[in-house]
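Only one structure is covered here, and it is reproduced in the block below.
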Amino acid sequence: MRKFSYLLILAGILIMLYPTANEWYNDRQQEKLLETAELSTADSTPQPDLKSRYAEVTQLLAEESVLDARHSPNPKRQKSLNRRLKSVAK
């Protein structure tokens with residue numbers, strides 16, 4: 001009977017420790033995944049051509065937002081912006 005009591009106490013302690021141990025294990029797995037992801041993204045730097053395209057698109061969108069803010073967009077300018085955006089997207 002005494003062994004059964006110790007077994008129940010041990011089972012209770014293990015049940016109480018399970019959430020903490022599980023959280024620790026999941027945190028460790030997440031750290032490993034983050035390290036792997038950081039190493040893989042650190043090696044792959046964006047191409048300079050891609051950066052210039054992003055800068056061009058940002059500039060075009062800024063110009064378009066200025067035109068929208070004026071509430072009187074120039075149709076020729078709007079068409080020009082749309083053509084330039086399409087050419088950058090290709």
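What's counted below: heavy atoms across the whole structure, side chains too, no hydrogens, waters or symmetry copies.
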Suppose clustering is done on Ile, Leu, Val, Met, Phe, Trp and Tyr with side-chain heavy atoms closer than 4.5 Å. Which residues sit in the same group as [X]?
X     : answer
Ile15 : none
Tyr18 : none
Leu17 : Ile9, Ile13
Phe4  : Leu8

For residues 24-31, which side-chain N or O atoms pair as donor and acceptor with protein atoms under 3.5 Å away, sequence neighbours left out?
{"from": "Asn26", "atom 1": "ND2", "to": "Asn22", "atom 2": "O", "distance (Å)": "3.3"}
{"from": "Arg28", "atom 1": "NH1", "to": "Glu31", "atom 2": "OE1", "distance (Å)": "3.4"}

